[in-house]
Amino acid sequence: MSNVLIIKSKDELNFSSLKRGKIHRLFIHISENALGIPWRVPLIVIKGHEKGKTIGLTAALHGDELNGISTIFKLLEDINPLKLKGNIVLIPISNIPGYLANQRYFLDNVDLNRIMPGQPEGATSQIYAHHFVNKIVKKFDYLLDLHTASHGRVNSLYIRSDIDNEQTRELAYLQKTQIIVNKYDEEGTLRAWANSNNIPAITIEIGNPSVFQHTLINATLEGIKNTLVHLEMLEGEVKDLVTKDVTVCNSSYWIYSKSGGIVDVLPKLTDRINKGQVIAIIYNVFGEVKDKIIANKDGIVIGKNIRPNCEAGTRILHLGVDIKEPIPETIPGHKDFTPV
Ligand SMILES: [Zn+2]
């Protein structure tokens, strides 16, 4: 292993102490566990040979959402710090206890991505969130937060972003995803905190939990490289604008089951759905059809449940609706983007 710098408990991420044109590996002290031993977040800083912007990529803020880890490792292989302007900060594992327990939540079963920016004093998750934001994320100019579906569900490759905001819309349209969903920032998320602190941020949802899906990971990687070119951190041209393949939805919602039983969700990810279509069949334990769930709008399948044993009130299908057609051809307001 190459040298890993261990940052002392009080210290935060500080670029000025790191050499230009090199890759640095650090552990940042965030909080402490019950042995009094630090929770240290591993962090890779690719420090470019010239000044420029700082972009941060956070993965596994939900501890079992792992596709972002591989995305970060592949990006690391592809970036030469001598050809980079600015800094790329890579955090492959943001929620250390969650990752160790292979679970979404922090140690106290709190969702870190609902309590950002945390509190300096209070519950253990609050303290962790506070230092994570203040020692690391605060240093970014841009943030890409990498997630996946949660346990028992699968996702397409999609973006959650406020596309009415010019900066976050640009970030969204630079990615090579299947779907973009217009989402105002949900309170307590890292994305919401960043956007309200002048750090443009989007969430990239990369498929399924607890696995590496290399097709989706590679597509995510292309979008991230597009972003680096667009931000003038790398030389080159923005490639393969998403405009040809992406579906942009003005909103989305989950369809829930009203009854319990054994559920079979019928459509595949990214299938187009028509209003009135049967999207799931619920069987009783004797194999008889008990109920059918019907789509109440036209839309596209963003994510779905794959756990057959479902109580009443289970999330069944995440439907993207109010689809923008035709698909926008350019990133509005950006002079360098020409229509495809
Ligand atoms: Zn997540």
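First listed ligand is number 1; within each ligand, the first listed atom is number 1. As a basis for the values below, the full set of heavy atoms in this structure was taken, side chains included, without hydrogen atoms, waters or symmetry mates.
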Asker: Looking at E186 and R114, does any basic side-chain N land under 4.0 Å from a carboxylate oxygen?
Answerer: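 No.
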Asker: Check the side chains of K74 and H214 for a donor-acceptor pair under 3.5 angstrom, ignoring hydrogens and angles.
Answerer: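 On atom types as modelled, these side chains qualify, holding a pair under 3.5 Å.
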Asker: If we ignore angles and hydrogens, is there a donor and acceptor under 3.5 Å between the side chains of D162 and T168?
Answerer: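 No, T168 and D162 have no side-chain donor paired with an acceptor closer than 3.5 Å.
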Asker: Under the side-chain hydrogen bond (donor to acceptor under 3.5 Å, both in side chains) criterion, do D64 and S210 qualify, and how do the steps go?
Answerer: CA-CA 5 Å; D64 61 348; S210 300; 4.6 Å; no
Asker: Tell me the protein N, O or S atoms under 2.8 Å from the Zn ion (ligand 1), in chain and number order.
Answerer: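 Metal shell, protein only: H62 ND1, E65 OE1, E65 OE2, H147 ND1.
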Asker: Going by the rule ring-ring contact (aromatic ring centres under 6.0 Å, His included), which residues pair with F106 if we only count those two or more places apart in sequence or in a different chain?
Answerer: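 In terms of ring-ring contact (aromatic ring centres under 6.0 Å, His included), with neighbours along the sequence ignored, F106 is linked to Y128.
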Asker: Determine whether Y283 and V289 satisfy the following criterion, side chain to side chain contact (heavy atoms under 4.5 Å, CB included), listing intermediate values before the conclusion.
Answerer: CA-CA 4 Å; Y283 297 89; V289 174; 3.8 Å; yes
